[in-house]
Amino acid sequence: MSPTISIVVAIFNRKDELFELLTSLTSQTDKDFEIIIVDDGSLIDLRPVIENFKTFLTIRYFRKDNSGPGLSRNYGARRAANEWLVFVDSDVIVEKDYIENIKKDILEIPCDAFGGADKAHKGFNLMQKAISYSMTSVFTTGGIRGNKKAVSKFQPRSFNMGVKKEVFEKVGGFSEMRIGEDPDLSMTLWENGYTTAFFDNIAVYHKRRVDFGKFSKQVYQFGCARPILNQRHPNYVKISFAFPTLFLLGYIMGFLEYFFMGKGIILAFYGLYTFTVLFHALFVTKNISIAGMAVISTYIQMFSYGYGFLKSWVLLNVFRMKPEDAFPKHFHKN
């Protein structure tokens with residue numbers, strides 16, 4: 001029997017992105033699915049956009065007070081009618097065989113939850129493509145967090161994530177975390193004996209942030225969330241999580257070495273890293289402008305994530321603060 005799918009979209013304000021997402025869903029080769037849209041207290045009216053698609057799609061719309069993406073997805077999941085929940089961010093576009101491939105993969109790859117990759121659409125602007133490179137490159141904190149040889153430990157992300165509704169309900173869904181709620185769910189699934197898988201044919205086009213300032217703030221928050229996740233799930237801590245912080249501290253040490261000792265040994269390694277990223281980005285994107293901006297976005301990612309991680313680690317482990325006290329905006333207060 002073919003799996004039944006409920007797509008759950010938590011959204012705040014992104015009217016134009018919602019239009020593009022729904023447009024891509026109207027083109028699906030398999031049209032047997034429902035869409036649950038949860039308006040997380042948007043400051044603009046999203047209903048006119050949704051009304052344009054009700055003739056072509058099975059859509060249910062709910063509006064609620066703002067609580068962050070995780071709890072809004074839980075709200076939508078409770079109202080979903082089908083056996084599999086598929087969470088996508090409001091700023092993604094899917095291929096026309098997205099639903100068809102999900103159903104096929106569920107039947108072929110036994111799992112309780114799954115995820116897919118993200119990539120840049122050809123219609124994205126240069127900065128979006130540069131940021132997409134940084135967020136998916138093997139030379140940054142990005143890349144696929146799993147592969148077909150180790151699918152049992154792939155960590156799905158909520159921009160492209162599926163989970164059995166029954167399993168989702170058993171583990172309590174997403175937590176109260178506003179940032180990092182998706183890896184938190186993945187590790188909670190593992191701790192309860194459930195399996196996750198990577199589906200390599202369901203990649204989505206993810207817009208992410210459209211300028212370096214917003215991108216810096218976003219990855220800084222990701223960095224802050226990681227030590228909190230390490231406390232919540234100590235069995236899944238990896239030394240690689242601290243790499244951006246070491247990268248940041250090493251860069252500072254390189255400048256100190258240069259100015260106080262007249263040597264540039266450490267900075268030489270960063271120069272080599274810069275050229276590696278530049279040429280790899282050029283190879284991947286085939287565009288020198290994107291490659292140049294990818295170098296900038298990569299350093300922004302490493303520095304902002306690294307600083308967020310360092311700040312969070314110090315507050316939690318040196319000053320012994322509780323996560324909700326150190327970062328009150330990262331948690332929803334019931």
Side-chain angles (χ1 to χ4, degrees), residues 8-14 36 38-43 62-79 85 87-91 113 115 135 141 145 155-159 161 163 167-192 208-209 213-238 241-242 244-245 301 304-334:
V8 179
V9 183
I11 184 170
F12 179 77
N13 282 349
R14 291 178 168 176
I36 308 294
V38 182
D39 184 342
D40 189 25
S42 294
L43 304 178
F62 301 93
R63 178 177 170 83
K64 54 178 282 299
D65 293 338
N66 184 270
S67 64
L71 297 188
S72 294
R73 296 187 192 107
N74 291 351
Y75 184 97
R78 289 193 293 270
R79 288 153 178 80
L85 306 170
F87 301 101
V88 296
D89 280 356
S90 57
D91 61 343
M135 289 297 287
T141 61
R145 295 169 176 84
Q155 195 173 97
R157 291 294 196 266
S158 55
F159 61 79
M161 177 185 195
V163 59
V167 170
F168 186 81
E169 292 172 342
K170 285 183 178 179
V171 301
F174 290 100
S175 71
E176 74 284 3
M177 294 181 70
R178 284 178 175 259
I179 308 294
E181 76 285 349
D182 39 359
D184 182 56
L185 175 59
S186 292
M187 289 182 280
T188 298
L189 290 170
W190 297 342
E191 289 163 351
N192 284 273
R208 301 189 183 278
R209 300 303 179 183
K214 292 178 180 178
F215 177 59
S216 176
K217 181 179 179 180
Q218 181 184 48
V219 292
Y220 161 76
Q221 292 174 334
F222 291 162
C224 292
R226 178 51 65 180
I228 299 173
L229 293 169
N230 289 347
Q231 278 195 355
R232 294 167 71 102
H233 308 281
N235 291 334
Y236 299 106
V237 176
K238 295 181 180 180
F241 294 155
T245 296
Q301 180 187 11
S304 297
Y305 189 106
Y307 173 65
F309 183 99
L310 178 62
K311 176 182 177 180
S312 181
W313 188 90
V314 169
L315 291 177
L316 299 185
N317 296 282
V318 177
F319 292 98
R320 301 293 181 181
M321 294 182 68
K322 295 180 179 180
E324 56 269 27
D325 294 330
F327 301 98
K329 292 183 179 180
H330 283 209
F331 292 85
H332 175 70
K333 302 296 183 180
N334 291 314

Notebook entry, point to check: Is the closest side-chain heavy-atom distance between F159 and D91 below 4.5 Å?
Noted result: no
Check: Do the side chain of R79 and the main chain of Y75 share a donor and acceptor less than 3.5 angstrom apart?
Finding: yes
Check: Where the side chain of D184 meets the backbone of G180, is there a donor-acceptor pair that is under 3.5 Å apart?
Finding: no
Next item on the list: Just jot down the side chain to side chain contact (heavy atoms under 4.5 Å, CB included) partners of S67, sequence neighbours excluded, or say none.
Entry: D40, K64, L71, S72, H332
Note to self: Contact between K170 and N192 at the side-chain level, heavy atoms closer than 4.5 Å - yes or no?
What the structure shows: no
Item checked: Least distance between heavy atoms, Y305 atom then F241 atom -> CE2-O, 4.0 Å
Next item on the list: Evaluate the side-chain contact (heavy atoms from CB on, under 4.5 Å) criterion for residues H330 and Q221: first the C-alpha distance (whole Å), next the side-chain angles of each, then the deciding distance (0.1 Å), finally the verdict.
Entry: CA-CA 8 Å; H330 283 209; Q221 292 174 334; 4.1 Å; yes
Item checked: F331 vs K322, side-chain contact (heavy atoms from CB on, under 4.5 Å): CA-CA, chis, key distance, verdict -> CA-CA 11 Å; F331 292 85; K322 295 180 179 180; over 6 Å; no
Check: R232 versus M177: any side-chain heavy-atom pair under 4.5 Å?
Finding: yes
Next item on the list: Locate the shortest heavy-atom distance separating G223 from S312; write the atom from each residue and the value.
Entry: O-CB, 4.5 Å
Check: In chain order, what residues pass the ring pair (Phe, Tyr, Trp, His ring centres under 6.0 Å) check against F309, with sequence neighbours excluded?
Finding: none
Item checked: Non-hydrogen atoms of N13 and S42 that approach each other most closely -> N-OG, 2.8 Å
Next item on the list: Could you tell me the separation between the CD atom of E191 and the OH atom of Y236, rounded to the nearest 0.5 Å?
Entry: 5.5 Å
Next item on the list: Quick one: do L315 and F327 satisfy side-chain contact (heavy atoms from CB on, under 4.5 Å)? Show the steps, please.
Entry: CA-CA 10 Å; L315 291 177; F327 301 98; 3.9 Å; yes
Item checked: Heavy-atom pair with the smallest gap, counting every atom of L316 and M321 -> CD2-O, 3.3 Å
Item checked: Residues forming a side-chain hydrogen bond (donor to acceptor under 3.5 Å, both in side chains) with N230, sequence neighbours excluded -> none
Next item on the list: Would you please name every residue forming a side-chain hydrogen bond (donor to acceptor under 3.5 Å, both in side chains) with S158, sequence neighbours left out?
Entry: R73, D182
Next item on the list: Could I get the full list of side-chain hydrogen bond (donor to acceptor under 3.5 Å, both in side chains) partners for R63, not counting sequence neighbours?
Entry: D39
Note to self: Could you check whether any side-chain heavy atom of V8 comes within less than 4.5 Å of a side-chain heavy atom of F168, counting everything from C-beta outward?
What the structure shows: no
Check: Roughly how far, to the nearest 0.5 Å, is the CH2 atom of W190 from the CG atom of L185?
Finding: 10.5 Å
Check: Considering residues at least two apart in sequence or located in another chain, which fulfil the side chain to side chain contact (heavy atoms under 4.5 Å, CB included) criterion with S304?
Finding: S216, V219, Y220, I300
Check: Any side-chain heavy-atom pair from R178 and K329 closer than 4.5 angstrom?
Finding: no
Note to self: Ignoring hydrogens, what is the shortest heavy-atom contact between L85 and A77? Give both atom names and the distance.
What the structure shows: CD1-CB, 3.6 Å
Notebook entry, point to check: Between CZ of F222 and CG of L229, what distance do you get to the nearest 0.5 Å?
Noted result: 11.0 Å
Check: What is the distance from atom CD of Q231 to atom CG of N317, rounded to the nearest 0.5 Å?
Finding: 6.0 Å
Next item on the list: Locate the shortest heavy-atom distance separating G306 from T245; write the atom from each residue and the value.
Entry: O-OG1, 2.8 Å
Note to self: If I take atom CZ from residue R226 and atom CG from residue L310, how far apart are they, to the nearest 0.5 angstrom?
What the structure shows: 16.0 Å
